[in-house]
Amino acid sequence: MTTTRPTWAGPLWALAAAVPLAFLAVFFAWPVLALVGRGFVADGGVDLGGFAEVFSRPRTWRILGLTLAQAALGTAGSLLLGVPGAYLLYRTRFPGRAALRAFVTVPFVLPTVVVGVAFRSLLAEGGPLGFLGLDGTFAAIVLALVFFNYAVVVRTVGGMWERLDPRAEQAARALGASPARALRTVTLPALAPAIASAASVVFLFCATAFGVVLVLGGLRFGTIETEIWVQTTQFLDLRAAAVLSVVQLLVVALALGVAARTRAGQERALRLGAAAAAAHPLRVLERDPRGRWRPGPDLLPAGVTAVVVAGLLALPLLGLLVRSFRTPGGGWGLENYVNLGTTGGPGTLSVTVWEATANSVRVAVDATVLAVVVGTLVALVVSRRPRSRSGRRAVGVLDALFMLPLGVSAVTVGFGFLITLDRPPLDLRSSLVLVPVAQAVVAVPMVVRTVLPVLRAIDPRLREAAATLGAGPARVLATVEGPFLVRSLGLAVGFAFAISLGEFGATSFLARPDRPTLPVVIFRLIGRPGAESYGMAMAAAVVLAVLTASVMALAERLRTAEATPW
């Protein structure tokens, strides 16, 4: 029995691809290329002298070195601490495991400004760890990056580890291999795609960190991302900013290429309905044949994870919470939270923190709707498996294109908006949609990466069976893919909303003075002198952290097993 594909199926999928491509072209490619072009075009002609000029500055090499060092150390630290956590949370069972999984995710969804403020509250003079003298140091930035990206490693590697067939490791143990040797020769090679994927993503996030670096290191430990911001806002040197943007694009392209190859290996391993490998009870201590207690095989990962959770993850958050109750007069109370209903001292803020919170929520709702619509269309198109080589190549290119906003500087995107969307036919200078659109551009890759694995994991035989029975493409989409798509959208909506709530790089350029968002207000408060502004910044950061974590906790309840962990 043969079926004939409706003639309108092709144009329908072409339209589904055209809408997000138009969105990407207008609100990402155009602004970014316009900004880069301004740096390389002089007197109507191409002028590449900017490269020689910028790279002749010792400052550029220092910035480049700091960026690579920060990204490399942040990635190494995240892997070193995250792999034991992945084992503990995905291959062992113990009471409270689900709650611990949710807690280690909280830092990743926190806005970068909040992470920076949390570490400053811990390391600044008068803070619990102020005696270490780490405030404003390179080490503090690296620690904050590990804090921020720990969950990426745990959930990426853990998700793969959970599905790993345990029989190979059991066979190695039966042949006499020690647990360490079985881990080194069997398990870790099998996990290599997940580890490489996590490493490339963490490196990408570390290399493009903005809020954390700006709050903790200022201009002393600037990176390419912060330097683009400095060159555009303080020196108005667009040529230097353009050269640095190109350098950052090269780094991003390399990291995305590695991530794409390793991610493909992971997705091939996923199958809907596949049983997860059975987790065993946690074995911290065991009894030997004589009945005496001895260290169990899970003692080391349990110990490492306990230290990380208590010392690296919980302590900064606890420090932030405690400092938010420290009043400007040196006592304790709710004065900082009461002050959130004011605009602070003279010239501090144009709106109250609560009004800024309302602005953030309104903008996040709009940005989430945009990101979910565009991201879902992209995921649907990219999840197709065309039979022709050219079709598969086109799908691969589309997938790669929509990952670019993940790594390109949000600062570049925001400044590009200002110089391109300020005249007809698209004059959005005074429009309230400018900030939601910029935040949606940043959030779309996360929506795609959350929804796409679910669609790709659907057995293609289900679609073929439905088509064989006479269902058209629309009905196949509604009855076969629709239920899985709806289930995966809960987490996608949560990610998009949380990202929008915490977005700072592009918003710092685009937010109108009379409508600032909460991260912008926190950054202004932390930069103002005086105990009152500092206390308000602490309290506002707690509000933003609670708001973001609540959104993600709700989204996690709707997460499907096939959704990617980041």
Side-chain angles (χ1 to χ4, degrees), residues 19-20 23-24 26-28 105-106 108-114 211 340 350-379 402 405-406 410 413-414 417 421 428-451 485-523 540-559 563:
V19 171
F23 179 84
L24 185 74
V26 174
F27 296 115
F28 177 72
T105 309
V106 170
F108 176 66
V109 299
L110 286 180
T112 55
V113 172
V114 172
L340 299 186
S350 59
V351 299
T352 68
V353 173
W354 296 124
E355 289 172 328
T357 305
N359 290 337
S360 286
V361 172
R362 281 195 295 268
V363 168
V365 170
D366 296 339
T368 300
V369 172
L370 276 173
V372 169
V373 170
V374 174
T376 301
L377 285 174
V378 174
F402 277 88
L406 188 66
V413 175
F417 269 38
L421 305 180
L428 299 177
R429 280 175 298 181
S430 58
S431 173
L432 296 179
V433 305
L434 203 59
V435 176
V437 169
Q439 294 184 352
V441 170
V442 177
V444 163
M446 281 298 193
V447 174
V448 175
R449 292 270 73 84
T450 305
V451 175
L485 179 63
V486 170
R487 287 165 55 194
S488 67
L489 282 180
L491 186 59
V493 168
F495 264 130
F497 199 84
I499 289 170
S500 176
L501 280 177
E503 207 288 321
F504 175 63
T507 309
S508 64
F509 277 94
L510 303 174
R512 285 169 31 174
D514 60 333
R515 288 179 178 271
T517 61
L518 192 48
V520 173
V521 162
I522 293 172
F523 184 70
V542 170
V543 170
L544 183 54
V546 170
L547 190 58
T548 309
S550 300
V551 169
M552 283 308 301
L554 181 62
E556 272 293 309
R557 297 182 65 85
L558 303 174
R559 174 179 178 266

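By convention here, the first residue in the shown sequence is residue 1.
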For this session: Could you pull out the closest heavy-atom pair between Pro519 and Ser360, with the gap in Å?
Result: CD-OG, 3.9 Å

Exercise. Any idea which heavy atoms bring Gly375 and Val444 closest together, and the distance?
Worked result: CA-CG1, 4.3 Å

Exercise. Should Phe497 and Val361 be marked as a side-chain contact (heavy atoms from CB on, under 4.5 Å) after you check the CA-CA gap, both sets of side-chain angles, and the distance that decides it?
Worked result: CA-CA 9 Å; Phe497 199 84; Val361 172; 4.3 Å; yes

Exercise. Leu544 and Leu501: which non-hydrogen atoms are nearest, and at how many Å?
Worked result: CD1-O, 3.9 Å

Exercise. Under 4.5 Å between any side-chain heavy atoms of Leu434 and Leu421, yes or no?
Worked result: yes

Problem set entry | Any side-chain heavy-atom pair of Phe28 and Val413 under 4.5 Å | yes

For this session: Mind checking side-chain hydrogen bond (donor to acceptor under 3.5 Å, both in side chains) for Glu503 and listing every partner two or more places apart, or none if nothing turns up?
Result: Thr507

For this session: Would you sort out whether Phe23 and Val441 count as a side-chain contact (heavy atoms from CB on, under 4.5 Å), showing the intermediate values?
Result: CA-CA 9 Å; Phe23 179 84; Val441 170; 3.9 Å; yes

For this session: Return the set of residues passing ring-ring contact (aromatic ring centres under 6.0 Å, His included) with Phe504 (not counting sequence neighbours), or none when no residue passes.
Result: Phe210, Phe523

Exercise. Between Leu510 and Ala438, what is the shortest heavy-atom contact and its length?
Worked result: CD1-CB, 3.5 Å

Problem set entry | Heavy-atom donor-acceptor pair, Ser500 side chain to Ala496 backbone, under 3.5 Å | no

Seminar exercise, completed: Heavy-atom nearest pair, Ser350 first then Asp514, reads OG-CA, 4.2 Å

For this session: Please tell me if the side chains of Asp366 and Leu370 come closer than 4.5 Å, counting only heavy atoms from C-beta onward.
Result: no

For this session: Could you tell me the separation between the OG1 atom of Thr357 and the CG atom of Leu547, rounded to the nearest 0.5 Å?
Result: 7.5 Å

For this session: Evaluate side-chain contact (heavy atoms from CB on, under 4.5 Å) for Leu432 paired with Arg512, printing each intermediate quantity in order.
Result: CA-CA 9 Å; Leu432 296 179; Arg512 285 169 31 174; 3.4 Å; yes

Exercise. Going through the checks in order, is the side-chain contact (heavy atoms from CB on, under 4.5 Å) test met by Leu489 and Val451?
Worked result: CA-CA 7 Å; Leu489 282 180; Val451 175; 4.0 Å; yes

Exercise. Rounded to the nearest 0.5 Å, how far apart are CH2 of Trp354 and CG of Leu518?
Worked result: 9.0 Å

Problem set entry | Nearest atoms (heavy-atom pairs only) where Pro20 meets Val374 | CB-CG1, 3.7 Å

For this session: Would you indicate whether the side-chain heavy atoms of Val546 and Ser550 approach each other to under 4.5 Å?
Result: yes

